[in-house]
Amino acid sequence: MRRVTGDDSKRTLHSYLREAREAIVWKLDGLSEYDVRRPLTPTCTNLLGLVKHLSIVEAWYFGKAFDRPLAEVLPWWDEGAEDQVDMWVTDAETRTEIVDRYRRVWLHADATIGHVDILREHLDGAAGIRSDNSNIPEHDAAWWDALRDRIEVAAQTART
């Protein structure tokens, strides 16, 4: 990997952030309104809620970091805001509204992409960074099952 310096660092950062945002939005493609909104974990994590969360946290973080606060008032910042209001989407909020807000602010953490990736894969098996690039080795189900078994054996062995 080549070292990034000077003007290249800004260009490289913008490129990575742009690709990450595109990956997040792609995770919603082809899914029903129900599937993007329904709680998929015990703590109610859902795909569109994660996009909403990203838009709020990114606006807050980059506004603070660069002293350029977002003029739009977003839930969660407000004193007395409902717990988890940033992590789910009401029936009055539209997918377009949430995605458009997300496209207006920078991505704050690649880790959230992983969360979205896991949830989407759990729904229908779609994984990766774009529809034409899964960024995951292509193997059949038997290969993945064998790998899962190897990992399980390693985990069980380490536990003892």
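Please read these numbers as outputs of a predicted model, since none were measured by experiment.
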**Prompt:** Say you draw a straight line from CG of Asp35 to CZ of Arg120; how long is it, rounded to the nearest 0.5 Å?
**Reply:** 8.5 Å
**Request:** Indicate yes or no for a side-chain donor-acceptor contact from Lys52 to the backbone of Trp88 under 3.5 Å, with no hydrogens or angles considered.
**Result:** yes
**Asked** If every non-hydrogen atom of Thr94 is compared with every non-hydrogen atom of Glu97, which pair is closest and at what distance?
**Response** OG1-N, 2.9 Å
**Prompt:** How long is the span from the CG atom in Asn46 to the CG atom in Leu40, to the nearest 0.5 Å?
**Reply:** 7.0 Å
**Message:** Can a donor-acceptor pair be found, under 3.5 Å and without considering hydrogens, that links the side chain of Arg37 to the backbone of Gly49?
**Reply:** no
**Asked** In chain order, what residues pass the ring-ring contact (aromatic ring centres under 6.0 Å, His included) check against Trp143, with sequence neighbours excluded?
**Response** His139
**Request:** Please answer: with hydrophobic residues joined when any side-chain heavy atoms are less than 4.5 Å apart, are Leu31 and Leu119 in the same cluster?
**Result:** yes
**Request:** Specify the closest pair of heavy atoms between Glu93 and Ile98, including all atoms of both residues, with the distance to one decimal.
**Result:** OE2-CD1, 3.9 Å
**Message:** Looking at every heavy atom in both Leu47 and Leu123, which two are closest together, and how far apart are they?
**Reply:** CD1-CD1, 3.7 Å
**Item:** Gap separating the NZ atom of Lys27 from the CD1 atom of Ile118, nearest 0.5 angstrom
**Value:** 10.0 Å
**Prompt:** So do the side chains of Ile24 and Leu50 get within less than 4.5 Å of each other, counting heavy atoms only?
**Reply:** no
**Fill in**
Heavy-atom closest pair (Pro39 atom, Cys44 atom, distance to 0.1 Å) is CB-CA, 3.6 Å
**Shared hydrophobic cluster for Met87 and Val36 (ILVMFWY, side-chain gaps under 4.5 Å)** = yes
